[in-house]
Amino acid sequence: MRFYIDNGFLEYDIRGKGISLLLIHGYPLSRKIWEPQLDGLSEWATVISVDLRGHGESFPFGGPYTMDLLADDCNRLLETSPIQTPVVVGCLSMGGYVTMALYRKHPELFKGMILISTRPGPDSAEAKINREASMENAREHGATFIADSMLLKILSPLTISTNAQLMKSIHVVMASTSVAGIIGALHGMKDRQDSTALLSKISCPSLIIHGTDDQLIPITEAELMHQQIPNSRLDKIANAGHLPNLEDPSLFNQAVRDFLYSL
Ligand code: MLT
């Protein structure tokens, strides 16, 4: 489905019945990463997955995309679509940065939060330099270069050695992201706010899911969030990397179903 916003549009899918579950992807990904969740969770929830600005089939948007701007887009989508609020927000990595921005502005929208492969802190000085280099690489060499450089880090060693099909499809998703989208998101992530102090103020029930072999964001970040978010639980997915929802969809969906059932 298409949602017109500013001078462009966001694409989103909506499927199922019951409690609303909004899924927000990471960088440089798209709503395609949530296909196993649309298939596996729509008997239990109304699942909505959206392509953020500059990603997937959303079109066209120049950056930079601050996390606040991406959060506002999600809020506007919730306001105008048939989705019942409050919602459970499930968010992966950069999607988690967006979710923190959304929670800061609109805590009343949240029935629950599922934080996947994400972290609360801002970029270090070194990470900011790396973002600049990635922007330059995207400008000069395009999205395929970025996809090539991320592929072996975004999945776990086990997934890489056993699931060539997933590797191929994730590469296609990343390489299909527009260069403007890549640069816009890198800008926004580089300048994002520190959300560490927000953690203790999150009052909705929260589930944290993290792969034990995440090479992009270490599992210690998930442990830190679990310590600081009052009503939270942590599910570690063994042998999964940065995309546990795709690397072990049955374990992942079971964890989400249990959490939705508990609400
Ligand atoms: C993501 O998966 O969204 C990114 O790896 C997050 C980041 O680069 O900080």
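Since the structure is predicted, the reported quantities are computational estimates derived from the model, not experimental observations. Excluded from the calculations below are hydrogen atoms, water molecules and symmetry mates; all remaining heavy atoms, backbone and side chain alike, are included.
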Quiz item: Which atom pair, heavy atoms only, marks the closest approach of Arg192 to Arg131?
Solution: NH1-NH2, 3.5 Å
Quiz item: Would Leu38 and Met1 show up in the same hydrophobic cluster when neighbours are defined by side-chain heavy atoms closer than 4.5 Å?
Solution: yes
Quiz item: Which pair of non-hydrogen atoms, one from Thr99 and one from Ile24, has the smallest distance, and what is that distance?
Solution: OG1-CD1, 3.7 Å
Quiz item: So which heavy atom on Leu224 is nearest to which on Pro120, and how close?
Solution: CD2-CG, 3.8 Å
Quiz item: Side-chain donor-acceptor pair under 3.5 Å between Thr196 and Asp194, yes or no?
Solution: yes
Practice problem: For the pair Asp123 and Lys190, find out whether any cationic side-chain nitrogen is under 4.0 Å from an anionic carboxylate oxygen. | Solution: no
Quiz prompt | Non-hydrogen side-chain atoms of Cys91 and Ile116 separated by less than 4.5 Å | solution = no
Practice problem: For this output row, return yes or no: ring centroids of Tyr12 and Phe3 closer than 6.0 angstrom. | Solution: no
Quiz prompt | Under 4.5 Å side-chain linkage, directly or through intermediates, the cluster mates of Phe145 | solution = none
Quiz item: Do any pairs count as a ring-ring contact (aromatic ring centres under 6.0 Å, His included) and have a residue in residues 236-263, sequence neighbours left out, and if so which ones?
Solution: none
Quiz item: Under 3.5 Å, side chain of Thr85 to main-chain N/O of Ile83, donor-acceptor pair present?
Solution: no
Quiz item: Do Ser195 side-chain atoms and Leu198 backbone N/O form a donor-acceptor pair below 3.5 Å?
Solution: no
Quiz item: Should Phe9 and Leu70 be counted in the same cluster of Ile, Leu, Val, Met, Phe, Trp and Tyr side chains packed under 4.5 Å apart?
Solution: no
